[in-house]
Amino acid sequence: QVQLAESGGGSVQTGGSQTLSCVASGDIDSNYCMGWFRQAPGRAREGVASFYIGDGSIDYAESVKGRFTVSRDNAKNTLNLQMNSLKAEDTAMYYCVAARRLKKYCGPRYLQAFEWRGQGIQVTASS
């Protein structure tokens, strides 16, 4: 059993920054892939960033490369998503997810299939 709890989020001006955090509890081991996906009204679900627990491998969606940074605090069992240069199109509900899978299946495009998901948190970027 895994539980994920997101925090952070809210409203920010375009061009600004925001950090999301996801505290994981339960049996997260080195075979887990964690990450973030987002969903906005009327738009397809989009995997944003992935993190493979086993070796710390990271991958990003093209839409956020160079602006978003995912990291993990092992001591706090927390996955963070630092978002810079936010755009209006980043506005969405963001979800932290986790799944036990092979590393080759840990990437933004695979995050839409998950075993565990947090409750989601809203991020709104506007001018």
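By the 4.5 Å heavy-atom criterion applied to side chains, Thr69 and Leu81 are not counted as neighbours. With contacts defined as side-chain heavy-atom distances shorter than 4.5 Å, the pair Arg72/Ile28 qualifies. Contact of the Ile53 side chain with the Met34 side chain is registered, since non-hydrogen atoms from C-beta on lie closer than 4.5 Å.
Phe51 and Tyr95 sit in two unconnected hydrophobic clusters of ILVMFWY residues. Membership requires side-chain heavy atoms under 4.5 Å apart, directly or through other members. Leu79 and Ile121 fall within a single hydrophobic cluster, where Ile, Leu, Val, Met, Phe, Trp and Tyr are joined by side-chain heavy atoms under 4.5 Å apart, directly or via other members. Val2 and Trp36 fall within the same hydrophobic cluster, where Ile, Leu, Val, Met, Phe, Trp and Tyr residues are linked whenever their side-chain heavy atoms come under 4.5 Å apart, directly or through other members.
Partner Tyr94 forms a side-chain contact (heavy atoms from CB on, under 4.5 Å) with one of Glu6, Gln18, Met83 and no other, that one being Met83.
Enclosure of atom NZ in Lys65 by more than 12 non-hydrogen atoms of other residues, nucleotides or ligands within 6.0 angstrom is indicated. Summarising the local packing, CD of Gln3 is surrounded by 12 or fewer heavy atoms from other residues, nucleotides or ligands at distances under 6.0 Å. Under a cut-off of 6.0 angstrom, the local environment of CD in Gln13 is sparse, with at most 12 non-hydrogen atoms contributed by other residues, nucleotides or ligands.
When all heavy atoms of Leu111 and Val48 are compared, the pair lying nearest together is CD1-N, 4.3 Å. For Ala61 against Glu46, the heavy-atom pair with the smallest separation is CB-OE2, 4.0 Å. Ala49 approaches Tyr60 most closely through the heavy-atom pair CB-CD2, 3.6 Å. Minimum interatomic distance between Ser17 and Gln82 (heavy atoms only, all atoms of both residues): CB-NE2, 3.8 Å. When all heavy atoms of Arg43 and Glu89 are compared, the pair lying nearest together is NH1-O, 3.1 Å. Gly107 and Ser50 get closest at one heavy-atom pair: CA-OG, 3.3 Å.
In summary, Arg100 and Asp27 do not engage in a salt bridge, as defined by a charged side-chain N under 4.0 Å from a carboxylate O. Salt-bridge annotation for Arg109 and Asp59: absent, with no side-chain N of the basic residue lying under 4.0 Å from a carboxylate O of the acidic one.
In this view, Ala125 and Val12, Thr14, Leu86, Thr91 satisfy the side chain to side chain contact (heavy atoms under 4.5 Å, CB included) rule, not counting sequence neighbours.
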Apply side chain to side chain contact (heavy atoms under 4.5 Å, CB included) to the pair Val64 and Arg38, showing each step before the final yes or no.
-> CA-CA 12 Å; Val64 306; Arg38 63 188 181 186; 4.0 Å; yes
Ring pair (Phe, Tyr, Trp, His ring centres under 6.0 Å) assessment of Tyr52 paired with Tyr32 | CA-CA 6 Å; Tyr52 193 68; Tyr32 266 80; 9.3 Å; no
Worked verdict on Val97 versus Trp116 for side chain to side chain contact (heavy atoms under 4.5 Å, CB included) | CA-CA 6 Å; Val97 296; Trp116 311 101; over 6 Å; no
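Rounded to the nearest 0.5 Å, atoms CG (Leu4) and OG1 (Thr78) are 10.5 Å apart. Between the CZ atom in Phe68 and the CD1 atom in Ile58 there is a gap of 14.5 Å [rounded to 0.5 Å]. Taken to the nearest 0.5 Å, the OG atom of Ser63 stands 7.5 Å off from the CG atom of Asp90. Taking CG of Asp73 as the start and SG of Cys22 as the end, the distance is 12.5 Å to the nearest 0.5 Å. Residue Leu20 holds its CG atom at 9.0 Å from CG of Asn80, rounded to the nearest 0.5 Å. Here CZ of Phe114 is found 10.5 Å from SG of Cys96. Values are rounded to the nearest 0.5 Å.
Put simply, the side chain of Asn77 never gets that close to the backbone of Asn74: no donor and acceptor are under 3.5 Å apart.
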